[in-house]
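Each remark here refers to the structure printed beneath this line.
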There are 2 protein chains.
Amino acid sequence: MPRGGKRAGAGRPKGTGKYAEPTKAIRVPVSMVDKILEYAHSGGFQLPLYGGKVAAGCPAPTDDYIEGMMDLSEHLIHDPATTFFVRVTGYSMINAGIHPDDILVVDRSLEARHGKIVIAAVDGELTVKRLYKKDNRVRLLPENDEFDPIDIAPEETLHIWGVVTNVIHAL
Amino acid sequence: MPRGGKRAGAGRPKGTGKYAEPTKAIRVPVSMVDKILEYAHSGGFQLPLYGGKVAAGCPAPTDDYIEGMMDLSEHLIHDPATTFFVRVTGYSMINAGIHPDDILVVDRSLEARHGKIVIAAVDGELTVKRLYKKDNRVRLLPENDEFDPIDIAPEETLHIWGVVTNVIHAL
DNA sequence: TAAATAGAATAATGTACTTTTATCAATATG
DNA sequence: CATATTGATAAAAGTACATTATTCTATTTA
């Protein structure tokens with residue numbers, strides 16, 4: 001038997017889907033479908049960032065004290081086209097907090113100014129050093145007394161790959 | 001006039017699309033469409049990682065010397081559900097290479113063992129310290145001589161939010 | 001009158017289909 | 001014969017549609 005007629009307010013409510021908001025169909029490469037669905041589902045790798053203050057005795061991370069949400073890649077990489085990573089070898093920059101096996105975030109679109117920490121190709125090796133560029137002298141300075149500065153003669157060309165923006169150190 | 005009947009080999013060739021591979025339509029939240037398209041287009045924030053060796057005099061990053069491709073988020077975040085970030089305040093862990101305004105990657109699914117660097121909530125503040133947990137004593141040890149260790153009395157409960165896995169330091 | 005239930009309403013989802021884009025080959029043209 | 005033109009072909013991209021899922025309400029039943 002019919003139970004019906006018109007009725008206002010019926011129907012599936014908005015925001016009851018997986019994402020609690022309207023969706024759109026877009027096309028992505030087959031090989032990335034899984035990764036992208038995971039990316040979408042986890043909200044774009046946005047994770048909570050906490051600052052200093054919390055309630056006394058607060059036992060675990062809560063939304064209440066979140067300073068904001070942050071996506072690491074977004075935060076560290078301004079232009080994917082000009083950014084790359086370098087794995088550190090050696091101790092020559094230890095006093096700048098750069099340890100072996102650290103990962104450096106490098107941007108080659110930044111100007112290599114005096115005082116910046118840069119990645120340079122010297123003698124077939126990639127090296128991290130602080131750039132000295134003053135009084136018509138160019139030098140690569142280690143931050144470790146046991147290493148010697150590298151002088152770049154005026155006729156030599158120094159191949160600087162980019163400027164280091166961040167150091168990622170695993171504990 | 002007609003210019004021809006059947007002909008083999010005609011048609012748009014495979015791999016001439018934006019992604020040079022077949023695509024699939026998937027549904028994603030409207031608010032993330034732009035981000036996801038950028039993500040898909042840049043290959044999932046996979047950027048080159050370089051190791052130590054390059055050809056002498058190599059002027060710029062080239063594919064030839066790539067150690068591999070790396071996605072920062074993927075590399076640093078094993079489980080988005082249990083990972084969060086903390087912004088560092090203060091100098092108490094300076095000797096562990098943890099500076100003010102550094103960002104810590106913290107995983108709360110890891111066991112807080114003796115010797116690990118942890119995030120704890122003490123007196124309404126989030127604090128980073130090395131965990132001492134031996135001989136029935138629990139202490140939070142700074143790595144800076146100007147700071148004092150924090151003793152946790154047996155009857156107190158120490159609220160550990162998670163174990164620090166990585167330090168991100170801007171230069 | 002309270003609980004159960006069938007059906008209506010509508011959002012969410014996935015996919016089939018249409019439209020667009022790109023390339024090739026057959027023919028025409030100079 | 002070299003070059004330009006046009007239609008055939010097929011991949012790629014975007015979108016509309018059919019399907020599925022969910023919730024609400026009017027009616028029935030106890």
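Chain letters run A, B, ... following the sequence lines, proteins first and then strands; every chain starts at 1.
- With distances taken from any side-chain atom of B:Lys18 to the nucleotides D:dA21, D:dA13, D:dA11, the minimum falls on D:dA13.
- Following rounding to the nearest Å, B:Lys14 (NZ) and C:dC24 (P) show an atom-to-atom distance of 15 Å.
- Nearest to the side-chain atoms of A:Pro13 among the listed nucleotides D:dT23, D:dA11, C:dA11 stands D:dT23.
- Looking at every heavy atom in both residues, A:Ala170 comes nearest to A:Asp102 through N-OD1, 4.4 Å.
- Within a heavy-atom distance below 4.0 Å of DNA chain D, the residues of residues 22-42 of chain B found are B:Thr23, B:Ala25, B:Arg27.
- For B:Arg12 against C:dT21, a side-chain-to-base donor-acceptor contact under 3.5 Å is present.
- Looking only at distances, a side-chain donor or acceptor of A:Asp79 sits under 3.5 Å from a matching main-chain atom of A:Ala81.
- Shown are B:Leu104, B:Ile117, B:Thr83, B:Leu110; of these, the side chain to side chain contact (heavy atoms under 4.5 Å, CB included) with B:Thr165 is made only by B:Leu110.
- Listed nucleotides: D:dA13, C:dA12, D:dA11. Nearest to the side chain of B:Tyr19: D:dA13.
- A:Arg130 places a side-chain N or O within 3.5 Å of a backbone atom of A:Gly115 that can act as its donor or acceptor partner.
- Between B:Trp161 and A:Tyr50, the angle of the ring planes goes over 60°, which puts this pair in the perpendicular group of the 30/60° scheme.
- Side-chain contact annotation: A:Ser92 with A:Asn144, donor-acceptor N/O pair under 3.5 Å absent.
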